[in-house]
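Proteins come first, then strands; the chains are lettered A, B, ... in the order of their sequence lines, and each starts at number 1.
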Amino acid sequence: MRLIRDISDSSAFWGAAWVFSCFPDVHTICDMPIGCFAMLGIGVTDYTDALPYLPNFTPTVIREEDVINGTEQAVRRMFNHLRDTGKLENKSLIVLSSAESELIGADHSNLLRTLDPQARFFWSQSLEHDEWTGRDRALLFLWREYGKPYAPSAAPVPRRVNVIGPTLGCFNAPSDLHELKRLIAGAGGEVGLVYPYETTIASTPRLLEASVNVVMYREFGESLARELGRPYLFAPFGIRATTQFLYDLGELLDTPREQVETFVETEKRTTLQPLWDMWLGPQSDWFSTVNCCIVAGRSYADGLRDFLQGELGIEVVWASGQPRAEGEPDNIAIRKLIHERVPTMVFATINEQIYMAEVNSRSHFIPSGFPMPIVRRALGTPFLGYSGAVYITQEIVNRLYEMVVDFLPVDTVIRDDTPAVAGGGAGPVEEDERTMLWTDEATEKLNRAVEQIPFLGRVSAIRTMRKAAEHAARARGVKEVTVEILDETLLRRE
Amino acid sequence: MTDGLPQGSNDLIQYPSQTPFTSPTCRLHPQTTCPAFVALRMLSRLEGAQPVLVTDAGCFYGLSFINHFYGARKSILAPAVGTAELSSGKLQEAALAAIEEAARDPNVSLIPVLSLCVSETAGLVEELLPRESHGKPVVLIRMPSYAVHAHPDAKDIVTAVLLRRFADTASPTEEKTLVLLGEVFAADPLMIDGVLRKMGARVLVTLPGRRIDEVRLAGRGAAVAALHPFYRESLTVLRERGVAVVGGAPSGAEGTAAWLHAVGMALELDEQLVEQVAREEEEKALRFLDAQPLKGFTVLVSGYDGNEMPYTRLLVESGAYVPYLSTSIAQSALTAADEAWLRARGTEAVVYRKTFEDDQKALLHWKFDLAFSGTTMLASYAKHHGIPAVYFTNILSVRPLFLSGGMIASISTVRELLNRRHIYRQMLDFFKE
């Protein structure tokens, strides 16, 4: 029996709802109990996308009697309410199934044909599929139901590039999209539809106008790109992949190679210049002394690994993408890994942040994926493309600075009227300075404890830990530091 | 109004209003969070508890997402539940595997098992689950969101289940002690205890809490008071065990005095002493209310989980006009007294089990200076209209509410909010289309 800890991937109706809710000209009735609506329609989406609630999304509010008799009456009731209050005017209606409605076998395809022949039912398969498959299938469904039958047969528009891009619930999407659009323009393209994030369902047939599609994420959207039958590329991470992407896209668009070359050269001296400067500076020395782990969406996990390890030389101790690939740790294993040893930097989600807190880790946590409550609506925090490479490097260096400062000695101020003792410390000055005897076991333990601390902070950290243990020993009136005393002060430190 | 407080928009309030308020016929969006989230939040805050969820992936995702942020930084365990488990009778086996895994963890001392929509639909049999695993108690709580209609009910259900299982009824009753029910600001029980001690009594414990020992202790109380008016099931459990029940809450000048008298009766305290302490509290509150700090302001109260009724009494006593109060809780004997009190003082509509549509309609029915919004949906709707609106839980549940001290703290907050009215207008002016 497979067990799950703190699940990382949601289910298909979440993925589908996050696709459909992007369109202002769609209203979705989701066949679900009130709890799912509160989580998906109000709670979580506020923490992933900073939207107060999904305005074009209504639950059927499955009740006990519906579980027994089916949800047809509930769908009918909601449909009538929405229609009577004008909420369906100029909108396409989609009815979406949830795990609960699927369990009771509520298929509303026939019902919808009688209520509104234009409406569509999407069976999300939430008991089998995760959010990524849910999004992928939803995008394909949109094309087949709302696009393909109405698509023009004309040739694609030259230089037009669509982005099969974010939906709601995609970490850091606005910044990444912003960077991607910049790159497309740099390769001589002209951005057409950003589907579904920045468009309407009515424009679905126009998907065929693009000469090239860029699929933003490896975890979903490729099925649609394949079915559109135009060449497609995936959005790039890191310097090398981004450069390659620019040349590939330029070639597909028949952009003169010199034009792309000029763009890349300009980028090196502008967008990417800070990365080159940090590389020339002492910052890059540290990269070989730190390590990290990654838990994030598949594109992020692979992209970060390639950039951090392959280009900056930072060791990636382990990584796990969503959806998880063969051999990658699940959350049960991740929790154990983190409890055993936390890398210097943890690019991850709230789950890993909790596992770090469980062992009082002082490593640096860098938000990199969902689940976690975070606002990433500003455009200046990309992970993708050239701008992403610079932003990530900057983020890492700043964390390292913080770490150095955090471990430096400090004289804490006691906020009462106790006068300071002349000469510094509060104890007998001379006694405090004598080197104290440490048992072999205690010394060894101290060394082991220090190994848990990143290189940058070790010098200061060992001094602080040593002083604390010696102080505790003196306070007890003993002449040597034992493992027991050290343990006690290490605990207190945490 | 000497401290720079802006004047209310309704200097001469006419009530009742010209046209009576009626609920809309289309009530699409019930306003409650998932009951299971509230249950999970309470259970994951218990020290040593390892919650096990028996549910599908999407449900697990939503609940743990919110709970990790709002409840506790606690890892949650679940068996993988998909079509195979639900249709082939493997659900029981799945639950047992998760319980076993939880019980093997040396840091775990309690295993609450939450059975949610899909597992309740498929059928999880309580008799086939262990009551203990590796010597650790296993407690099943059934929480399908299709049957438990609002999240306050979930608080009651969880509290009642824990009381039934753990309340100590073998030990003798501790005389003159009061058990408090309600998720209140942590300073409130201390303030209540301080006043009770003057009357020769004390607060024994406040539930829901963080430790099972607190639940045990609750069984020894002489009386219990539900500070929020929805702990019906929990009160029943304690009443069956001979614990006296005190109604209402010590909110506002009148409410506080009445409540202290009720506590005096239930605990058989010295009548004169109770009278004296009650009068002191009432006088303290009245001195503050003399200035009628909220006179001339019209306030909408859209509550959420029970403390909106005591809270609205405060507003009304402070001079505010509160024509509309809505809540997610159900109407019951526990709400009757507050409702009657409010209706006698200008509250025209009290809506239970409210929907977003009720609140939307109400917001435009009167001219409000301030909206306390039980949900972010309504808060955002009010801000769209340039009306200062705050999310009830975020702003009010982080301050004391009860007795004279709570009153002063809470009303001061309201005055600060009213002072910020122009900011909401300014933002709207910029962003409106």
Side-chain angles (χ1 to χ4, degrees), chain A residues 1-14 33-44 46-48 52-53 58-59 61-64 66-67 78 81-82 84-85 87 98-100 102-104 126-128 130-131 331-332 335 350-351 353-355 357-358 370-373, chain B residues 24-37 55-66 68-69 73-83 85-87 90 93-94 96-98 101 116-118 120-122 144-151 356-357 375-377 379-380:
Chain A
M1 192 57 67
R2 192 167 68 85
L3 296 177
I4 309 171
R5 233 180 223 292
D6 309 309
I7 195 158
S8 301
D9 309 67
S10 190
S11 69
F13 79 77
W14 284 71
I34 189 60
C36 301
F37 172 69
M39 295 294 112
L40 168 54
I42 308 174
V44 171
D46 192 20
Y47 298 130
T48 52
Y53 64 96
T58 304
V61 190
I62 297 179
R63 312 271 290 209
E64 248 170 331
D66 305 318
V67 173
M78 286 306 156
H81 279 336
L82 289 168
D84 295 349
T85 48
K87 293 201 166 66
S98 69
E100 178 65 19
E102 287 164 27
L103 182 61
I104 57 181
S126 288
L127 288 167
E128 293 89 29
D130 65 17
E131 57 175 299
N331 283 354
I332 293 178
R335 188 169 183 240
I350 198 170
N351 296 331
Q353 201 179 19
I354 290 173
Y355 307 150
E358 286 173 338
F370 290 131
M372 76 172 310
Chain B
T25 45
C26 294
R27 303 177 83 230
L28 298 174
H29 303 88
Q31 297 287 276
T32 170
T33 186
C34 181
F37 156 59
T55 192
D56 63 280
C59 170
F60 186 9
Y61 183 86
L63 293 179
S64 55
F65 192 120
I66 305 284
H68 281 158
F69 178 49
R73 288 184 289 175
K74 179 166 285 187
S75 179
I76 300 163
L77 202 56
V81 170
T83 313
E85 290 74 17
L86 290 166
S87 56
K90 289 236 166 64
E93 198 185 310
L96 288 173
E101 167 78 9
L116 306 174
C117 291
V118 294
E120 285 298 287
T121 303
S145 137
Y146 56 73
V148 181
H149 296 150
H151 68 277
F356 180 44
E357 287 71 21
T375 63
T376 46
M377 285 177 86
S380 105

message = Within the structure provided, determine whether A:Gln353 and B:His68 are in side-chain contact (heavy-atom separation under 4.5 Å).
response = no
message = Taking side chain as everything from C-beta outward and backbone as N, CA, C, O, which of these in B:Lys90 sits under 4.5 Å from a heavy atom of chain A? Side chain, backbone, both or neither.
response = both
task = Measure A:Tyr355 against the heavy atoms of chain B and call it side chain, backbone, both or neither at under 4.5 Å.
result = side chain
key: Contact class of B:Ala36 relative to chain A, heavy atoms under 4.5 angstrom   = neither
remark   = Output for pair (A:Met39 CE, B:Ser145 OG), nearest 0.5 Å, gives 9.0 Å
query = Within a strict 4.5 Å, meaning less than it, do heavy atoms of the A:Arg63 and B:His149 side chains meet?
reply = yes
query = Do B:Ser75 and A:Glu358 have side-chain heavy atoms sitting under 4.5 Å apart?
reply = yes
Donor on one side chain, acceptor on other, A:Asp6 and B:Ser64, under 3.5 Å = no
query = Is the shortest heavy-atom distance from the side chain of B:Leu86 to the side chain of A:Leu127 under 4.5 Å?
reply = yes
inquiry  = Within the structure provided, determine whether B:Tyr61 and A:Pro371 are in side-chain contact (heavy-atom separation under 4.5 Å).
reply    = yes
task = Determine whether A:Tyr53 and B:His29 make a side-chain contact, defined as any pair of heavy atoms from C-beta on separated by less than 4.5 Å.
result = no
Inter-residue atom distance A:Ile42.CD1 - B:Gln31.CD, 0.5 Å rounding = 5.5 Å
Straight-line distance of A:Glu100 CD to B:Thr121 OG1, nearest 0.5 Å = 3.5 Å
ask   = Heavy atoms, side chains only, cut-off 4.5 Å: are B:Asp56 and A:Ser126 in contact?
value = no
remark   = Applying a strict 4.5 Å limit to non-hydrogen atoms, the region of B:Ser87 in contact with chain A is neither
ask   = Using the ring of each side chain (for Trp, its six-membered ring), is A:Tyr47 parallel, tilted or perpendicular to B:Phe69, with breaks at 30° and 60°?
value = perpendicular
